[in-house]
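Below: one structure, written as C-alpha cells.
Below, chains carry the letters A, B, ... as their sequence lines are ordered, and counting in each starts from 1.
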Amino acid sequence: MSAVVTRFAPSPSGALHLGNARTALFSWLLARRDGGRFVLRIEDTDAERSQAEHIVALQDDLRWLGLHWNEGPDIGGPNGPYLQSQRSASYDAAFADLEQRGLAYPCWCTPLELDVARRSQLAAGRPPRYAGTCRDLDAAQRAARAARASAPPTLRFRVPAGRSIGFDDLVHGPQQFATDDIGDFVIRRGDGTAAFFFCNALDDAAMGITHVLRGEDHLTNTPRQLLLLEALGQPAPRYGHVALLMGSDGAPLSKRAGARSLGDLRRAGYLPEAVVNHLFRLGHSSPLQGLQLPDALARGFTLEHLGCAPARFDDAQLASWQKDAAHALSEEAALVWLLPAMPPGLDPAQRAALITAVRANVVLPEDATRWARIVREQPAPLDAAGRALLEAAGDAFFDAAAAAAASQGAQPADWPALTAAVRAATGAKGPALFKPLRIALTGLDHGPELAPLLPLFPPGAVQQRLLNARHPD
RNA sequence: GCUCCCUUCGUCUAGAGGCCUAGGACAUGGCCCUCUCAAGGCCGUAACACGGGUUCGAAUCCCGUAGGGAGCGCCA
C-alpha cells in the first residue's frame with residue numbers, strides 16, 4: 001500500500017534535453033527499484049507552446065532510453081487522463097472550491113499593469129511581488145473592475161501571511177520558507193486554463209504520486225505548491241530537487257553552448273545504454289563500475305547519493321560509455337546499428353563482413369562510414385609521416401607487394417600469404433613490413449585488422465593501391 | 001534587489017571530526033603487450049574556493065567573503 005509512485009511530467013514545448021532525460025531516468029529508477037509505478041503525464045496546458053509532434057517525440061525518446069511507464073497518455077491508467085489539457089474539469093472544481101472559501105480571488109490587473117509594477121518594485125530594490133491590488137475588493141469594487149475590464153480576470157491564490165512552510169527535501173534536506181516572501185500567484189489564467197503551480201500539484205495528488213524528483217529550479221516554488229495542497233486538503237508528495245545539469249562550460253545547458261537534445265544524440269548514433277549509464281553518474285554516485293543494464297542501475301540507485309551541486313555534462317565521458325556500449329553489442333545488434341551507415345552498392349554479405357571487420361574501431365556509426373569509404377572508395381589522404389614511411393619502404397617493396405597481390409587474382413583474400421610473400425621477397429618484417437602495407441592500402445597508420453578487410457576491397461584495388469604507393473602524391 | 005541552493009583532481013565523484021600521506025572513474029602522460037590502432041595490464045601528473053572560528057584533532061561543524069546557479073511570470 002505504501003508503494004512508490006513516481007512521475008515524469010514534461011511540457012511538450014520542445015525536444016527532450018539531457019537534463020529532463022536525467023530526472024526522468026532518476027524517477028524511473030526509483031520506481032523500478034522499489035517495485036513501484038512510474039507515471040508519464042504531459043503538461044500541455046499552454047496551448048500556444050505545446051505541440052502534438054512533441055508529445056509523440058517525447059515518448060519516442062523515453063522509450064528509446066528504455067524508460068517505460070506504467071501509466072500514461074498512450075496506455076491509460078486508473079488516474080487518467082494523462083494529458084493535462086483533458087483534465088480541466090477537476091481543475092475547475094478546485095478553483096470553485098478555493099474561490100468559494102475565499103482562498104482565491106479574481107484579479108483584473110492587466111499584464112501591462114503587472115509588468116510596470118514589477119519593474120518599479122525591482123527598481124526600488126524590493127522583491128517583485130504581486131502588490132495585492134485586487135486582493136481585498138468588496139462585491140461592488142469587483143463589479144466595477146469587471147465592468148471596466150477588457151479581458152476576463154485571472155484567479156489568484158491568497159497566500160497566508162506570517163507563516164513558515166517547511167519540508168524535508170529528498171536531496172537537500174530540511175527546507176524552510178516564509179510565506180511573507182511569496183506573493184499571491186495566478187492559479188487560473190485569463191483564458192480559464194490552469195497555471196503550472198496549480199495543475200502540477202493537483203495532478204500529483206490526484207495520481208497518487210509519492211515521490212517527485214524534479215529540477216532544482218523548482219525548489220523555491222515548492223512552498224507554493226505545499227500551500228495549495230494544504231488549502232485543497234490534498235496529500236503532498238515527498239519532493240527531491242536534483243541539481244541542474246550544466247554544459248561543459250559550466251553555464252546552463254543551452255543550444256548555443258552546443259547542448260544536444262536526446263534526439264540529436266540518437267540521430268548521431270549514440271546508444272541508449274551509453275546515454276543511460278552516463279546520466280546515471282551525473283549528479284549521482286555509485287560504487288557500480290562499468291556498463292550496467294537498467295535493472296542493475298535501478299538496484300544501485302539511492303536518493304542519498306544524489307549530489308547537491310550542479311554537474312557538468314562531459315562529452316569525453318559520454319564517449320567513453322559509448323565506446324563500452326558499442327563494444328558490448330552482440331553481433332546481431334551491431335549489424336542493426338551500423339547497417340544504415342554502410343555505403344550503398346554492397347551486397348548484404350559484404351556489408352555484414354565489413355561491419356564485423358571494422359566494429360572494434362567504431363564508436364559512432366560515422367566511424368564505420370569512414371572506414372567503409374576508405375576500403376570501398378579511396379584511402380585517406382596521406383600525411384607527412386605516412387608519406388615518409390612509404391618512401392622509406394621503397395619502390396621494390398611495393399613492386400613485390402603488388403606482385404604478391406596479383407598472384408591472388410583481382411580480389412586477393414589471403415592476407416597471411418600476401419605478407420609472407422612480401423617478407424620473402426624483401427626481408428622486411430614487423431612494423432617495417434606491416435606499416436607500409438597498411439598505409440598504402442588505407443592511407444592511415446592505424447585501423448582495423450587488415451586480414452578480414454582484404455577481401456572487401458573493390459576488385460583490382462589492392463594491387464592498384466600498392467602500385468600507387470611507389471609514387472605517393 | 002530579496003529569498004533559496006551550491007563550491008573536493010581538467011570532468012563526474014568517494015568522503016557524514018581522527019580510518020585522508022584525500023580514494024575511484026573519464027580525460028591526460030609514460031611503460032608493457034602487440035603485425036597498426038583499439039582493447040587489456042602496470043605506473044604517473046592532478047583537488048578539499050578563500051578567511052576566520054569551534055576542537056587535542058576539520059575536506060567534514062559554525063560564521064563571514066568570493067564565485068556559480070535558481071526562484072520571485074496570465075512559462076513550465
Quiz item: Can we call the ring centroids of A:His218 and A:Phe197 under 6.0 Å apart?
Solution: no
Self-check item: Touch class at under 4.0 angstrom, heavy-atom based, for A:Arg188 against every strand present
Solution: nothing
Practice problem: For nucleotides B:G10 and B:U54, find the distance between their C1' atoms and express it as a whole number of Å. | Solution: 35 Å
Exercise. Between B:C4 and B:C42, how far apart are the P atoms? Round to whole Å, please.
Key: 49 Å
Quiz item: If only side-chain N and O atoms of A:Arg156 are considered, is one of them under 4.0 Å from the OP1 or OP2 phosphate oxygen of B:C74?
Solution: yes
Quiz item: Any side-chain N or O of A:Lys323 under 4.0 Å from OP1/OP2 of B:A39?
Solution: yes
Practice problem: Run through A:Leu279, A:Leu265, A:Asn277, A:Leu18 and flag the one making a side chain to side chain contact (heavy atoms under 4.5 Å, CB included) with A:Leu318. | Solution: A:Leu265
Self-check item: Side-chain donor or acceptor of A:Glu99 paired with backbone N/O of A:Tyr105 under 3.5 Å
Solution: no
Quiz item: So how far is it from A:Phe8 CZ to A:Leu58 CG, rounded to the nearest 0.5 Å?
Solution: 6.0 Å
Quiz item: Could you write nucleotides 7-17 of chain B as a row of B, S and -, 5' to 3', where a protein heavy atom under 4.0 Å of any base atom gives B, of only sugar-phosphate atoms gives S, and otherwise -?
Solution: S---BSSSS--
Quiz item: OP1 or OP2 of B:G24 sitting under 4.0 Å from any side-chain N/O of A:Gln289?
Solution: no
Quiz item: Is the gap between the ring centers of A:His278 and A:Phe313 under 6.0 Å?
Solution: yes
